[in-house]
There are 2 protein chains.
Amino acid sequence: MTALADRRRHATRSRTAARRAPARPSLPALSRSVEDYLKAVYHLSDHGGVATTKDIALKLMVAAPSVSMMLKRLSALGLVKRVPYQGAQLTREGRQAALRTIRRHRVLELYLTRHLGFAWDTVHDEAERLEHAVSDLLIDRMATALDNPRYDPHGDPIPTADGRIESADLVSLAAAPVGSELELRQVTTQDPERLRFLADHGLVPGLQLTVADRQPFGGPTTVRLRPAGTRQIVGMELAQVLQCRTRAK
Amino acid sequence: MTALADRRRHATRSRTAARRAPARPSLPALSRSVEDYLKAVYHLSDHGGVATTKDIALKLMVAAPSVSMMLKRLSALGLVKRVPYQGAQLTREGRQAALRTIRRHRVLELYLTRHLGFAWDTVHDEAERLEHAVSDLLIDRMATALDNPRYDPHGDPIPTADGRIESADLVSLAAAPVGSELELRQVTTQDPERLRFLADHGLVPGLQLTVADRQPFGGPTTVRLRPAGTRQIVGMELAQVLQCRTRAK
DNA sequence: GTTGTGGATTAGTGTCGACTAAATCTCCTG
DNA sequence: CAGGAGATTTAGTCGACACTAATCCACAAC
């Protein structure tokens, strides 16, 4: 709970004593909806925070009351902890379930690009539908065919089959100081248009670059690409989406 | 209609004048359930017959009233023609939709066996779930990667992207006269145990064989395999599942 | 402290697709 | 041609998930 229930705990007016969730062994077969909600909560409460009803509703494009209802169900299933009017976080089980779905999604994305000729700006929607239908066995076969990859086409880390995920310490290109020598690691957008633009300009994970210049007041950033040495001007919105690792000088 | 509404047409007590279905252009995005029902009707009314409520219910493992309800909906959507208490057949549109789903299923089965190391007795369930989630684009990519195959791992013909399907004129091994020289073309079971047995004994599509002997009264059939010349005894139930083409002597 | 406002929840519905129980129809048989 | 068996449909529910409208809570601002 941590960030969730520190104060105003009494606001729950001691509600019906949280039912036991029977410690599911492994695969209770979650519905598509449940998986989507768990993913949303995972992404929104990413770094120790709390997912609010509104944010979940926006992300999943449903009305707020639908979220309230579903969070109540997920809470009864033992997949989230929530404090009414405050927000929700995943339990350990909920987190495992979310990571299983995310693993499926990311392995699928990579497989579609590597083995079936999809461009990186078109795989998201396909993976979004398939992630609810594939078996873990199929995902593992795909992962094997891909040589157990660690990152998807956008640079996001792929959770392992046993539910571990790498947490990288990255900095947005928009926040990196001028002069930084960086390696582009993740591209955190799914907008096809942006992705196509980025690919066209060589801005894909693995790229080595140096921050050459930045206009003040959120203006564009100029980066120098390695090894070619060409320069590229990246607008603010795009720079925010490019997550980088600082590289040894 | 043909076989459906020849007699007892008045049994419909002139019901509310069949609503217009608005001649959908191409892809109205059918639900998983609808696709399953269409497939069931397709398979059950295969050779000009009629699919009955009971048979559909058995095949889909649902209760009969669920089938009645759904057939009414499908009829309203213009996907089946039905005569109450008699049965249902697909319309042209329904048949196209069913073939689209079947194409997806069979391409998936073949892809899973050829490219991801699945055995032919394990692909059915996986394909059954995936067929409702994959895009036509993905299926076409898989088909291309497979070099536009004509048959799935069990020998069933794969419908083309524009909805044509090969109709083969096959005879069951159980019905082939002694002395026939045959090529095994299709294996019409999805039972994993049988499939494993068949594969273990080399009884897979493409096999050349000769009917050497048959016990009377539905007893086992003995076949001689080509080119090895070894003999194999096949029980009645299995023989019925092996569909063959007669081969030039 | 009261109060206003925006976010959250409850209340009440609707749809899809399943179910059981109770009619109803078809068609075979005597 | 009357009955009856079995298949089919109707009637009434239910659960999962969505919605809108109305109410409720939290928190910041006075």
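Residue numbers begin at 1 in each chain, while the letters A, B, ... track the order of the sequences. Just so you know, these numbers come straight off a predicted model, no measurement behind them.
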Determine whether the side chains of A/Ser45 and A/Gln89 contain a donor N or O and an acceptor N or O closer than 3.5 Å. no
Euclidean distance, atom [atom1] of residue [X] to atom [atom2] of [N] [Å, nearest integer]:
{"X": "A/Ile56", "N": "C/dG7", "atom1": "CD1", "atom2": "P", "value": "15 Å"}
{"X": "A/Lys54", "N": "D/dC24", "atom1": "NZ", "atom2": "P", "value": "22 Å"}
{"X": "A/Leu71", "N": "D/dA18", "atom1": "CG", "atom2": "C1'", "value": "15 Å"}
{"X": "A/Leu58", "N": "C/dG6", "atom1": "CG", "atom2": "C1'", "value": "13 Å"}
{"X": "B/Glu35", "N": "C/dC16", "atom1": "CD", "atom2": "P", "value": "16 Å"}
{"X": "A/Met70", "N": "C/dT9", "atom1": "CE", "atom2": "C1'", "value": "16 Å"}
{"X": "A/Arg82", "N": "D/dC25", "atom1": "CZ", "atom2": "P", "value": "14 Å"}

Measuring from the side chain of [X] (C-beta onward, heavy atoms only), which nucleotide among [options] has the closest atom?
{"X": "A/Ser33", "options": "C/dT9, D/dT9, D/dA18", "value": "D/dA18"}
{"X": "B/Lys72", "options": "C/dA8, D/dT10, C/dT10", "value": "D/dT10"}
{"X": "A/Ala63", "options": "D/dT20, C/dC19, D/dA26", "value": "D/dT20"}
{"X": "A/Met69", "options": "C/dT10, D/dT8, C/dT26", "value": "C/dT10"}
{"X": "A/Pro65", "options": "C/dA8, C/dT10, D/dT9", "value": "C/dT10"}
{"X": "B/Val62", "options": "C/dT26, C/dC19, C/dT9", "value": "C/dC19"}
{"X": "B/Ser68", "options": "D/dC27, D/dT8, D/dT9", "value": "D/dT9"}
{"X": "B/Tyr85", "options": "C/dT9, C/dT10, D/dT8", "value": "D/dT8"}

Looking across every strand, which nucleic acid part, if any, lies under 4.0 Å from A/Ser66 by heavy atom: base, sugar-phosphate, or nothing?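 Contact class for A/Ser66: base.
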If each of B/Ala64 and A/Ser31 is mapped to the nucleotide of DNA chain D with the nearest heavy atom, which maps nearer the 5' terminus, i.e. the 5' end? B/Ala64
Determine, using ring centers only, whether B/His154 and B/His124 are less than 6.0 Å apart. no
Using a strict 4.0 Å threshold on nitrogen-to-oxygen distance, state whether A/Asp36 and A/Arg32 make a salt bridge. yes
May I ask you to say whether B/Arg104 pairs ionically with B/Asp140, meaning some side-chain N is under 4.0 Å from a carboxylate O?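 Answer for the salt bridge query: no.
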Return the CG to CZ distance between B/Leu38 and B/Arg100, rounded to the nearest 0.5 Å.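 Going from the CG atom of B/Leu38 to the CZ atom of B/Arg100 covers 9.5 Å.
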Can a side chain N or O of [X] be found less than 4.0 Å away from OP1 or OP2 on [N]?
{"X": "B/Gln86", "N": "C/dC27", "value": "yes"}
{"X": "B/Arg32", "N": "C/dA18", "value": "no"}
{"X": "B/Tyr37", "N": "C/dA18", "value": "yes"}

